Amino acid sequence: MQNELTFRQMMDGISALVAVLTPDGAVDFVNRPVLDYFGKTLEELKEWSSTDAVHPDDLPDAVAVLSRSLPSGQPYDTELRQRGADGVYRWFHVQGLPVRNEAGRIHRWCILQTDIDERKRAEQALRESERALRQLIDSVPAMIAVADANGKTEYANKRALDYLDTTLEEFRDRAMTLVHPDDQALLRNEWVRSNTLGQPMDLVHRIRRFDGSYRWVSVRGEPFLDDRGAIGRWYYVFTDVDDQRNAEETLRERERHLRLLVETIPALVSRSTPEGWLDYVDRRVVEYTGRTMEQIDVDVIHPDDQVSHIRKLHHALETGEAWDDTYRIRRADGAYRWFYDRVEPSRDLDGHVVCWYAVKIDITDTREMEEALRSTRRKLSSATQIATVAELSASIAHEINQPLASVVTNAHACRTWLQHDPPNLERAQTTLDRIIRDGHSAADVVRRIRALFRSAAPAKTRLDMNAIVHEVLGVLEDELRDNGIIVDAQLEADLPIVEGDHVQLQQTLINLVHNAMEAMDRVDDRTRSVVLSSRRDGDEILMQVRDHGLGAVEPAIIFEPFFTTKGSGMGMGLSICRSIVEAHGGRIWATANEGAGMTFSFTLPAVPSNAST
Ligand code: ADP
């Protein structure tokens with residue numbers, strides 16, 4: 001008893017959990033730490049195999065281990081979870097040792113249970129984090145490999161193995177065979193270089209994919225240095241950049257084509273920032289101006305064209321609208337040539353201007369040709385006019401000559417009859433009657449000729465005078481610009497149509513605008529402007545051409561045929577205008593403006609809007 005007490009006290013004193021079993025496995029004794037841990041009595045613990053003392057998942061194994069050891073007397077060693085008084089299972093390392101008597105028979109089993117819960121959980125956490133890491137490595141959208149300091153592959157993630165359609169073993173032993181033969185040397189050299197310098201590796205090479213095709217991959221390798229600073233491992237990331245490389249190649253190719261195209265077109269091409277600063281010029285711009293992009297300034301534009309060009313540029317920058325201009329640009333040799341410049345904005349999805357593209361075409365030759373054509377036309381038209389007038393004068397002279405000759409003859413005769421002594425008054429009377437008759441006949445000739453002018457019946461169609469104004473401005477565009485004349489068209493919308501001869505009415509307006517232009521020829525102290533207006537005025541439409549020229553010397557007689565104040569004028573323009581307008585049932589007149597210049601007005605009967613066509 002004394003012994004027993006001492007044994008119990010001894011057992012209770014050690015902090016480990018100790019139990020003693022009978023040879024057939026029944027619980028005979030447990031120390032205090034066991035009772036405290038389980039929070040059960042010895043009696044209850046005897047029933048351990050049919051209670052929750054051992055975790056249900058570990059129970060079958062615990063029973064099996066015990067029942068194997070008991071008959072054999074083999075010590076056992078196992079790990080299992082046991083439920084504490086707080087209801088929580090903790091991991092224990094359980095070791096059973098047989099205690100034999102002198103005869104060598106098993107007298108008791110001594111069971112030592114060590115709490116290994118913390119270690120077990122740490123191990124589990126480590127396993128868990130390792131699993132998560134592997135999962136992560138396998139699922140990152142990149143191919144990963146790890147190699148030792150000699151470059152031998154130790155590990156490759158699933159994505160890499162799947163991509164190469166290989167196993168880890170195969171990859172480990174024959175990694176180089178997967179690399180494109182042409183790139184193997186490059187890869188090897190690069191690896192040797194990086195390994196020697198201990199620097200990251202970065203290159204692009206071809207590798208054989210699962211489908212047997214070689215594709216471009218980008219490889220980045222980072223060395224991992226050990227405590228002594230030596231390379232312990234290499235970590236590699238591979239990315240398939242084949243599509244990207246092809247796209248880049250296509251893009252480069254396209255860019256090359258585009259550049260070729262831009263350089264080949266016979267025009268000066270440039271690009272500017274949204275604020276209008278040049279940021280690209282093609283080869284031709286540099287060759288033509290003899291300057292680099294940085295040297296190109298506003299002074300390449302002819303001084304006379306700078307103001308209007310800059311005004312247009314500012315307007316476009318403010319509104320973001322496409323624009324064009326015709327102006328002279330200085331060539332490298334100092335000569336100016338005419339260019340037609342067309343500028344288009346390029347916009348992003350939000351509609352903001354990203355840049356401006358400009359194409360300039362040399363139109364000097366075309367312009368010179370046009371000018372030659374215009375001058376020929378001018379000469380031709382005045383030649384025709386001179387010819388017409390010459391013809392007209394000849395026929396007038398011819399028609400008038402006869403009665404005039406007869407007048408002179410009769411006047412002579414009359415004088416003779418009057419000089420008789422006595423004067424033969426009867427004969428003189430008769431000859432005077434003849435003179436009067438011939439005088440009338442000459443007047444008739446003149447009247448007939450004038451009637452001839454009037455009776456040129458116009459070919460009438462329905463016309464929109466506003467459209468004719470636009471046509472006229474189109475025809476005279478170059479001349480107006482060359483003379484620095486600004487045109488203001490104030491045209492009434494919904495202007496009634498008129499019936500008339502298209503060409504004649506166009507000619508009338510051209511004559512009036514021409515005269516206006518000539519009247520402002522010597523005007524330098526004010527803006528040279530012409531206002532062309534149209535409006536309804538009762539049953540008529542009123543067309544006006546207002547200039548700011550020098551005004552007419554004789555406003556009352558300017559419509560008379562052959563009246564001109566110009567050295568090379570015919571004096572027929574306004575007279576013809578009057579004939580045309582009157583033949584159309586309208587009136588034409590001129591008034592001096594209050595300020596400067598003249599206003600020429602003419603009316604034409606409006607066609608009632610309900611008139612059938
Ligand atoms: P031309 O133009 O050949 O002289 P026109 O019959 O067209 O013949 O014009 C006759 C004259 O009327 C001109 O020479 C000019 O003196 C005067 N004239 C015509 N239009 C204007 C105008 N807008 N301002 C001032 N004078 C004008």
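In each ligand, atom 1 is the first atom listed, and ligand 1 is the first ligand listed. This is a predicted model, so every value here is computed, not measured.
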A.B. asks: Judged by atom type as modelled, is there a donor-acceptor pair below 3.5 Å linking the side chain of Asn483 to the main-chain atoms of Ile485?
C.D. replies: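 The answer is no, because no donor-acceptor pair under 3.5 Å joins these two groups.
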A.B. asks: Please say whether Glu518 places an N or O atom under 3.5 Å from an N or O atom belonging to ligand 1.
C.D. replies: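 No, there is no polar N/O contact under 3.5 Å.
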A.B. asks: Hey, does the side chain of Thr564 reach the backbone of Lys566 with a donor-acceptor pair shorter than 3.5 angstrom?
C.D. replies: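 Side chain of Thr564 to backbone of Lys566: a pair is present.
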A.B. asks: Which is closest to atom 16 (O) of ligand 1 in terms of heavy atoms, Val530, Thr565, Leu512, Val545?
C.D. replies: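 Looking at heavy atoms only, the winner is Thr565.
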A.B. asks: Looking at Thr564, which atoms of ligand 1 are within less than 4.0 Å of one of its heavy atoms?
C.D. replies: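 Per the distance check, 1 (P), 4 (O), 14 (O).
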A.B. asks: Using distance alone, determine whether Gly571 and ligand 1 share an N or O pair under 3.5 Å.
C.D. replies: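 Yes, there is a polar N/O contact under 3.5 Å.
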A.B. asks: Is Asp537 reaching over with its side chain to a backbone N or O of Glu540, donor-acceptor style, under 3.5 angstrom?
C.D. replies: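 Checked: no pair found.
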A.B. asks: Quick one: does Gln295's side chain have a donor or acceptor within less than 3.5 Å of a partner on Thr292's backbone?
C.D. replies: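 Yes; at least one donor-acceptor contact below 3.5 Å.
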A.B. asks: Quick one: does ligand 1 sit under 4.0 Å from the side chain of Phe559, the backbone, both or neither, non-hydrogen atoms only?
C.D. replies: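 None of Phe559 does.
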A.B. asks: Which residue holds the protein heavy atom closest to atom 7 (O) of ligand 1, what is that atom called, and what is the gap in Å?
C.D. replies: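 Among all protein heavy atoms, the one nearest atom 7 (O) of ligand 1 is Asn515 ND2, 2.9 Å.
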A.B. asks: Return the minimal non-hydrogen interatomic distance between Ala316 and Trp356, and the atom names on each side.
C.D. replies: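 Reported closest heavy-atom pair: O-CH2, 3.5 Å.
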A.B. asks: Which residue and non-hydrogen atom of the protein lie closest to atom 2 (O) of ligand 1, and at what distance in Å?
C.D. replies: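 Atom 2 (O) of ligand 1 sits closest to the protein heavy atom Lys566 NZ, 2.7 Å.
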A.B. asks: What protein heavy atom lies closest to atom 22 (C) of ligand 1? Include the residue and the distance to one decimal.
C.D. replies: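 Looking only at protein heavy atoms, the one closest to atom 22 (C) of ligand 1 is Phe600 CE1, 3.6 Å.
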A.B. asks: Which of the numbered atoms in ligand 1 are under 4.0 angstrom from any heavy atom belonging to Ile558?
C.D. replies: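 With Ile558 as reference, the close atoms of ligand 1 come out as 10 (C), 12 (O), 17 (C).
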A.B. asks: May I ask you to list the atoms of ligand 1 that are less than 4.0 angstrom from any heavy atom of Gly551?
C.D. replies: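 Near Gly551, the atoms of ligand 1 are 25 (C), 26 (N).
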A.B. asks: Give the numbers and elements of all ligand 1 atoms closer than 4.0 Å to a heavy atom of Met598.
C.D. replies: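 Numbered from 1, ligand 1 contributes 22 (C), 24 (N), 25 (C).
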A.B. asks: Do the side chain of Ser534 and the main chain of Glu492 share a donor and acceptor less than 3.5 angstrom apart?
C.D. replies: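 Flag set: sc Ser534 to bb Glu492 pair under 3.5 Å.
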A.B. asks: Looking only at distances, please establish whether an N/O atom of ligand 1 is found under 3.5 Å from an N/O atom of Phe563.
C.D. replies: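 No, no N or O pair falls under 3.5 Å.
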A.B. asks: When only distance counts, is Asp547 in polar contact with ligand 1, meaning an N/O pair under 3.5 Å?
C.D. replies: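 Asp547 vs ligand 1: N/O contact under 3.5 Å present.
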A.B. asks: Is it the case that the ring center of Tyr288 lies less than 6.0 angstrom away from the ring center of Phe339?
C.D. replies: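 Phe339 vs Tyr288: aromatic centres under 6.0 Å.
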A.B. asks: Considering only the protein, which heavy-atom contact is closest to atom 5 (P) of ligand 1, and what is its distance?
C.D. replies: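 Among all protein heavy atoms, the one nearest atom 5 (P) of ligand 1 is Leu574 N, 3.6 Å.
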A.B. asks: Between His309 and Trp323, is the ring centre distance below 6.0 Å?
C.D. replies: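 Yes, the ring of His309 comes within the 6.0 Å limit of the ring of Trp323, centre to centre.
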A.B. asks: Using a 3.5 Å distance criterion without hydrogens, assess whether the side chain of Thr431 forms a donor-acceptor pair with backbone atoms of Arg427.
C.D. replies: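 Judged by distance alone, yes, a pair lies under 3.5 Å.
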